[in-house]
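Order of listing sets the numbers, starting from 1, for every ligand and every atom in it. In what follows, residues are counted from 1 in the order of the sequence shown. Just so it is clear, the structure is predicted and the values come from calculations on it, not from any experiment.
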Amino acid sequence: MLTLNNVEVIYNDVILVLKGMSLHVPEGKIVGLLGSNGAGKSTTLKAISGLLKAEDGEVTDGNIQFLNADIQHKDASDIVRQGIFQVMEGRRVFEHLTTEENLVAGSYTRSSVNLRDEIEIVYEYFPRLKERRHQTAGYLSGGEQQMLAIGRALMAKPKLMMLDEPSLGLAPLLVMEIFNIIKRINEEQKTTILLVEQNANLTLSVADYAYIMESGRIVLEGAPLDLRENADVREFYLGLTEVGQRKSYRDVKHYKRRKRWLS
Ligand SMILES: Nc1ncnc2c1ncn2[C@@H]1O[C@H](COP(=O)(O)OP(=O)(O)O)[C@@H](O)[C@H]1O
Ligand SMILES: [Mg+2]
């Protein structure tokens with residue numbers, strides 16, 4: 001459904017951030033994209049959704065294909081209309097609108113909608129949003145705002161939903177609840193999902209396939225089971241959970257090679 005071939009992205013004409021990024025998202029699947037801060041995950045999503053241009057970023061090489069057509073030079077509004085919706089990092093909601101007004105705003109890209117029915121579908125996934133339907137979104141909790149951001153994406157009925165770190169800053173139980181709902185949306189609404197995360201464990205528990213990126217390119221990919229068994233990945237995950245001392249996958253590999261050589 002979506003394929004990135006050797007995509008290069010440059011910001012402000014000089015800052016090279018994506019250095020040959022390639023990945024594939026098959027229709028109907030959940031694909032995880034893992035990597036630590038600054039790896040280029042958000043840049044990858046913005047390259048796909050066309051939002052890069054608003055930040056003076058540009059795809060300077062490679063191509064992005066969605067349903068067999070090149071989209072790397074299309075406008076963000078075109079790309080939304082083709083069925084790609086990005087849920088931005090940091091749960092951007094319209095703070096001054098109510099929960100329900102936010103949901104209505106989510107359907108703006110579509111011409112004919114049965115609003116009432118579709119809002120009810122969102123409320124089935126997120127009963128808490130129904131309880132808070134008349135509250136101003138700015139006063140919702142962080143978890144509720146994340147739910148609202150996903151609910152708004154649902155209202156756009158995308159073919160491909162891209163989620164940028166939905167677990168960021170949320171309590172573990174809430175994150176599990178949200179990940180279960182992401183899985184249900186994929187299964188019940190048949191929405192293809194590209195899930196960007198730093199939480200490797202949870203991502204591997206819902207994804208069909210996953211990629212690990214570092215410094216603007218993919219360093220490893222595989223089915224969740226294979227990735228979990230990979231010794232380097234285990235160390236990489238441990239590195240991820242160690243606060244303050246975040247090891248990179250390459251450092252781990254380098255260190256292991258040295259260790260093997262020494263022994
Ligand atoms: N608008 C921008 N202008 C210049 N550099 C940027 C911009 N946005 C991101 N970057 C740089 O690109 C790199 C990757 O950032 P990002 O894609 O946000 O990574 P991630 O989402 O994996 O944390 C970082 O070094 C960041 O500083
Ligand atoms: Mg990011």
Discussion item. Tell me whether ligand 1 is touched by Gly216 - counting only heavy atoms on the residue side and a distance under 4.0 Å.
Written reply: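 It does not; every heavy atom stays at 4.0 Å or beyond.
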Worksheet item: Closer than 4.0 angstrom: is that true for some heavy atom of Gly57 and an atom of ligand 1?
Response: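 Checking ligand 1 against Gly57, which is what was asked, there is no heavy-atom contact under 4.0 Å.
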Worksheet item: Testing Leu18, Val59, Leu16, Val17 for side-chain contact (heavy atoms from CB on, under 4.5 Å) with Glu8, which one passes?
Response: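 Exactly one pass, corresponding to Leu16.
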What protein heavy atom sits nearest [atom], and how far away is it?
{"atom": "atom 19 (O) of ligand 1", "value": "Gly40 N, 3.1 Å"}
{"atom": "atom 1 (N) of ligand 1", "value": "Glu55 OE1, 3.0 Å"}
{"atom": "atom 10 (N) of ligand 1", "value": "Tyr11 CE1, 3.6 Å"}
{"atom": "atom 13 (C) of ligand 1", "value": "Val17 CG1, 3.6 Å"}

Item to complete: Examine Val104 and Leu154 and state if one hydrophobic cluster contains both, with Ile, Leu, Val, Met, Phe, Trp and Tyr joined whenever side-chain heavy atoms are less than 4.5 Å apart.
Response: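 Linked within one cluster.
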Worksheet item: From Ser42, does some N, O or S atom reach closer than 2.8 Å to the Mg ion (ligand 2)?
Response: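 Short answer: yes, at least one N, O or S atom is under the cut-off.
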Worksheet item: From Glu165, does some N, O or S atom reach closer than 2.8 Å to the Mg ion (ligand 2)?
Response: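 For Glu165, the answer is no, given that no N, O or S atom comes within less than 2.8 Å of the Mg ion (ligand 2).
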Worksheet entry | Pair Lys130-Glu100, salt bridge (charged side-chain N to carboxylate O under 4.0 Å, His left out): steps then yes or no | CA-CA 8 Å; Lys130 187 166 193 174; Glu100 196 152 297; over 6 Å; no
Worksheet entry | Closest approach to the Mg ion (ligand 2) by Glu89, given as the N, O or S atom name |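 Relative to the Mg ion (ligand 2), the closest nitrogen, oxygen or sulfur of Glu89 carries the name OE1.
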Discussion item. Side chains of Leu33 and Met213, heavy atoms from C-beta outward: is any pair under 4.5 Å?
Written reply: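 Leu33 vs Met213: side chains touch.
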Worksheet item: Is Ile64 close to Leu2 at the side-chain level, that is, under 4.5 Å between some pair of heavy atoms?
Response: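 With C-beta onward as the side chain, the pair touches.
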Fill in: Within 6.0 angstrom of Lys183 NZ, more than 12 heavy atoms from elsewhere
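Buried by this count: over 12 neighbours within 6.0 Å.
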Fill in: Heavy atom of protein inside 4.0 Å of atom 26 (C) of ligand 1, strictly below
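Given the 4.0 Å cut-off, atom 26 (C) of ligand 1 does not count as touching protein heavy atoms.
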Worksheet item: Are a donor atom and an acceptor atom from the side chains of Thr43 and Tyr11 found within less than 3.5 Å of each other?
Response: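 The criterion, which ignores hydrogens and geometry beyond distance, is satisfied for Tyr11 and Thr43.
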Discussion item. Below 3.5 Å, N or O to N or O, backbone or side chain included: is there any such pair between Ile15 and ligand 1?
Written reply: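 By distance alone, the answer is no.
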Item to complete: Consider every N or O of Gly38 and every N or O of ligand 1, then say whether any pair is closer than 3.5 Å.
Response: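 There is such a contact, yes.
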Fill in: Region of Thr43 that comes within reach of ligand 1 [heavy atoms, distance under 4.0 Å]
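Contact part for Thr43 vs ligand 1: both backbone and side chain.
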Fill in: Lys190 side-chain N/O to Glu187 backbone N/O, donor-acceptor pair under 3.5 Å
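It does hold such a pair.
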Item to complete: Go through ligand 1 atom by atom and flag the ones less than 4.0 Å from a non-hydrogen atom of Ser36.
Response: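 Under 4.0 Å from Ser36, ligand 1 has these atoms: 22 (O).
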Fill in: Atoms in ligand 1 with a heavy atom of Asn37 nearer than 4.0 Å
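Every atom of ligand 1 under 4.0 Å from some heavy atom of Asn37: 23 (O).
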Discussion item. Can you tell whether the side chains of Glu89 and Lys41 come within less than 4.0 Å, N to carboxylate O?
Written reply: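 A salt bridge is absent here (no side-chain N lies under 4.0 Å from a carboxylate O).
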Item to complete: Select the closest option to atom 18 (O) of ligand 1 among Ser42, Ser215, Ala47, judged by heavy-atom distance.
Response: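 Result: the heavy atom closest to atom 18 (O) of ligand 1 is in Ser42.
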Between side-chain atoms of residues 134-141 and protein atoms elsewhere (two or more places apart, or another chain), which donor-acceptor pairs fall under 3.5 Å?
{"residue": "Ser141", "atom": "OG", "partner": "Glu144", "partner atom": "N", "Å": "3.2"}
{"residue": "Ser141", "atom": "OG", "partner": "Glu144", "partner atom": "OE1", "Å": "3.4"}

